[in-house]
Amino acid sequence: MKVATHHLRCTECATVIGKDEVSSNFRCPLCNGLYEVVYPWTNATAGPESRLPNPSALRWLWQERRSSSMAIDQSGVWRFRDLLPIVDDLEKVVTLREGNTPFYDLPRCAKAAGIDWLLAKHQGMNPTGSFKDTGMTAALSVAAQRGFEWVACASTGNTSAAMAAYAARAGLRSIVFIPEGKIAWGKLSQSMDYGALTIQLKTDFDGCVKILGELVKQFPIYLLNSVNPYRLEGQKTPAFELVEQMEWQVPEHVIVPGGNLANSSALAKGFAEMHELGLIPRIPKISIIQAEGANPLYRSLQENGGEQLTPVVANTRATAIRIGNPASWRKAVNALQTTGGWCEQVSEQEIALAKAEIGAEGVGCEPASAVTLAGLKKLVAQGKITAEERVVLILTGHTLKDSAYTIEYHRNELFSDAEKAELSVSEQSRHAALRKPPIVLEADPGLVLRTLESHMNQPQPA
Ligand code: F0G
């Protein structure tokens, strides 16, 4: 298939520029807006040169590629390359065989949320353990093609892990800026393991973004934060996979965590393009869930309908989404408005309970991903999601990303006494039933047996 060209369009003032005209901070010089990638066939006003790929041919081709031995066919991003023609030379694609992530049913979580049917698309099952890999293969491939030697990002830990890995594969050098003391160890260890220059700044994520913004103006460093629109081209592909895994049926709802607020719009773009191409008859409602302590989008929607965003000083144990001044908030508002979804906020205790419930299904995820289930419960309680509607949670990170959180939770050391006191009796018993602290025993067979017997008689959580 012929590789189509693409342009970049400002999502605020709609100015279209050539792919090589973008500045190093990926901001529109006229209005400071962020760009999105557009193709001849994604633009309703496209001229006669736009040729829409044929939906049935695409479905067949994408499935067929899964059995090929070529690396780009085995990638769950690049097997959809017909809808992301962003690199001219496919030989130069940098891939770790990302994507093709599993789809799990969560019957006990569905019951806890009060609905009949719940599925999770587990993006934590990517090569570096988070959804960032799908975006990084795309943007890093562009960086490699354009001859950059250095790439950089500011991160709460997952973007940096993914960038470090893909840069290493491509033979590029990478610089990671992370907030000191505020990222999970698993993620910090990854950027070192993959050989990045890791800089822990004594500030938060928002402070790291500021410093990096200054740097890219002065050095030829390719910026790989999610303001880079090529990241989102990769991150739209889980939308394709998701409906493919549902035999081209569309769920009523997709729920994502919200941090820097790019992923919601990436998925919305994926669904919108499939709809435009006739691959799906409608698009699902995309809802975004934030942690109460890092809720700038939620607040903005409550206070001014999403017209303006007032940054907050973010604080949550779900460190991946500890972001107070999200770059892509306008894109997220647009995704909510075009799909008809909602934004909710959830407490630390609600996040912990949801994480334990997802873990107890044998699936597991990192804390930031669990906000999706916690938010689902709220949307169901408010009557926005009904029992028979089909819901897909996007689990964004692997449970091993933040094992310290999990251990503290199960040892009942995660929350302060004041936080514990906020729990109702039924919430307390739900937590108690899920908590599985390790038991330390003397190596005495009698004692081990007696302990096991007492545990075997305890009921399992429903
Ligand atoms: N879930 C996880 C596990 C994340 O790492 C992130 C973002 C999000 C959800 C939120 O996605 O920013 O597109 O709204 N992590 C970034 C990072 C900020 O640096 O790894 P978003």
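What you see below is based on every heavy atom in this structure, not just the backbone, and it leaves out hydrogens, waters and symmetry mates.
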Student: Any sub-3.5 Å donor-acceptor pair from H410's side-chain atoms to K436's backbone N or O?
Tutor: yes
Student: Not counting sequence neighbours, which residues clear side-chain contact (heavy atoms from CB on, under 4.5 Å) with M246? List them please.
Tutor: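 M246: side-chain contact (heavy atoms from CB on, under 4.5 Å) contacts with F103, W117, L242, Q249, P251, R390, V392.
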Student: Considering all heavy atoms of both residues, which atom of P40 and which atom of T5 are nearest to each other, and what is their separation?
Tutor: CD-O, 3.3 Å
Student: Side chain of S287, backbone of W342: donor and acceptor closer than 3.5 Å?
Tutor: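 Yes.
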Student: Show the numbers, then the answer: is there a side chain to side chain donor-acceptor pair (under 3.5 Å) between S191 and S160?
Tutor: CA-CA 6 Å; S191 84; S160 45; 5.4 Å; no
Student: Could you label the plane-to-plane angle of the H122 and Y104 rings as parallel, tilted or perpendicular, counting under 30° as parallel and over 60° as perpendicular?
Tutor: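 The arrangement is perpendicular - the two ring planes meet at more than 60°.
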Student: Let me see the working for R59 and E247 under salt bridge (Lys or Arg N to Asp or Glu O under 4.0 Å), right down to the final yes or no.
Tutor: CA-CA 10 Å; R59 283 188 195 141; E247 313 272 327; over 6 Å; no
Student: Any side-chain heavy-atom pair from S141 and W78 closer than 4.5 angstrom?
Tutor: yes
Student: Under 3.5 Å, is there a donor on one side chain and an acceptor on the other for T237 and T134?
Tutor: no
Student: Quick one: which of T406, T319, N158 gives a side-chain hydrogen bond (donor to acceptor under 3.5 Å, both in side chains) with K401?
Tutor: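 The passing option is N158.
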Student: Under 6.0 Å from the CH2 atom of W248, do we count more than 12 heavy atoms belonging to anything else shown?
Tutor: yes
Student: Show your working on salt bridge (Lys or Arg N to Asp or Glu O under 4.0 Å) between D73 and R81 and close with a plain yes or no.
Tutor: CA-CA 9 Å; D73 287 342; R81 57 188 172 272; 2.9 Å; yes
Student: How many angstroms lie between CG in L379 and NE2 in H253, if you round to the nearest 0.5 Å?
Tutor: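 Going from CG on L379 over to NE2 on H253, the span is 8.0 Å.
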Student: Among I394, T396, L395, whose side chain to side chain contact (heavy atoms under 4.5 Å, CB included) with V256 holds?
Tutor: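 Only one option passes, and that is I394.
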Student: Show the atom names and distances, to 0.1 Å, of all donor-acceptor pairs under 3.5 Å that link a side chain in residues 201-210 to residues at least two apart or in another chain.
Tutor:
{"unit_1": "D204", "atom_1": "OD1", "unit_2": "D206", "atom_2": "N", "d": "3.4"}
{"unit_1": "D204", "atom_1": "OD1", "unit_2": "G207", "atom_2": "N", "d": "2.9"}
{"unit_1": "D206", "atom_1": "OD1", "unit_2": "N325", "atom_2": "N", "d": "3.0"}
{"unit_1": "D206", "atom_1": "OD2", "unit_2": "G324", "atom_2": "N", "d": "2.9"}

Student: Taking only residues at least two apart or on different chains, which pairs with a member in residues 147-158 satisfy salt bridge (charged side-chain N to carboxylate O under 4.0 Å, His left out)?
Tutor: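 Sorted pair list comes back empty.
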Student: Take E357 and K377, measure what salt bridge (Lys or Arg N to Asp or Glu O under 4.0 Å) needs, and give me the verdict at the end.
Tutor: CA-CA 12 Å; E357 287 169 332; K377 291 178 190 168; 2.7 Å; yes
Student: Atom CD of residue position E413 - does it have more than 12 heavy atoms of other residues, nucleotides or ligands inside 6.0 Å?
Tutor: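 Yes, the 6.0 Å shell around CD holds more than 12 heavy atoms from other groups.
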Student: Please determine, by modelled atom types, if S75 and E98 share a side-chain donor-acceptor pair under 3.5 angstrom.
Tutor: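 Present: a donor and an acceptor within the cut-off.
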Student: Could you list the residues that satisfy ring pair (Phe, Tyr, Trp, His ring centres under 6.0 Å) with F26, not counting sequence neighbours?
Tutor: Y222
Student: Please check this pair: side chain of N228 against backbone of Y230, looking for a donor-acceptor N/O pair closer than 3.5 Å.
Tutor: yes
Student: Looking only at atom types and distance, does a side-chain atom of E12 sit under 3.5 Å from a main-chain N or O of C31, one as donor and one as acceptor?
Tutor: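 Here the side-chain-to-backbone pair does not exist.
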Student: Got a sec, which pairs hit salt bridge (charged side-chain N to carboxylate O under 4.0 Å, His left out) with one end in residues 331-356, sequence neighbours left out?
Tutor: R317-E348, E350-K378
Student: Can you tell me which residue pairs pass the salt bridge (charged side-chain N to carboxylate O under 4.0 Å, His left out) test with a partner in residues 125-134, sequence neighbours excluded?
Tutor: none
Student: Pairs in or reaching into residues 170-195: which pass salt bridge (charged side-chain N to carboxylate O under 4.0 Å, His left out), with residues at least two apart or in two chains?
Tutor: K187-E366
Student: Can you check whether R169 reaches L140 side chain to side chain, under 4.5 Å on heavy atoms?
Tutor: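 No, side chains not in contact.
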Student: Looking at CG of D402 and CD1 of I407, how far apart are the two atoms once the value is rounded to the nearest 0.5 Å?
Tutor: 9.5 Å
Student: Under the side-chain contact (heavy atoms from CB on, under 4.5 Å) test, which residues partner N315, sequence neighbours left out?
Tutor: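 Counting only residues at least two positions away or on another chain, N315 forms a side-chain contact (heavy atoms from CB on, under 4.5 Å) with R322.
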Student: May I ask you to decide if G397's main-chain N or O and S369's side chain share a donor-acceptor pair within less than 3.5 Å?
Tutor: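 A pair under 3.5 Å: yes.
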Student: Please enumerate all residues that pass ring pair (Phe, Tyr, Trp, His ring centres under 6.0 Å) together with F80, with sequence neighbours excluded.
Tutor: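 Counting only residues at least two positions away or on another chain, F80 forms a ring pair (Phe, Tyr, Trp, His ring centres under 6.0 Å) with W62, F240.
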Student: Are the side chain of T11 and the backbone N or O of E36 linked by a donor-acceptor pair below 3.5 Å?
Tutor: no
Student: Excluding sequence neighbours, so at least two apart, what forms ring pair (Phe, Tyr, Trp, His ring centres under 6.0 Å) with F415?
Tutor: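 Applying ring pair (Phe, Tyr, Trp, His ring centres under 6.0 Å) to F415 gives none.
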Student: Could I get the full list of ring pair (Phe, Tyr, Trp, His ring centres under 6.0 Å) partners for H398, not counting sequence neighbours?
Tutor: none
Student: Under the salt bridge (charged side-chain N to carboxylate O under 4.0 Å, His left out) test, which residues partner E233, sequence neighbours left out?
Tutor: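 Result, salt bridge (charged side-chain N to carboxylate O under 4.0 Å, His left out) vs E233: K236, K269.
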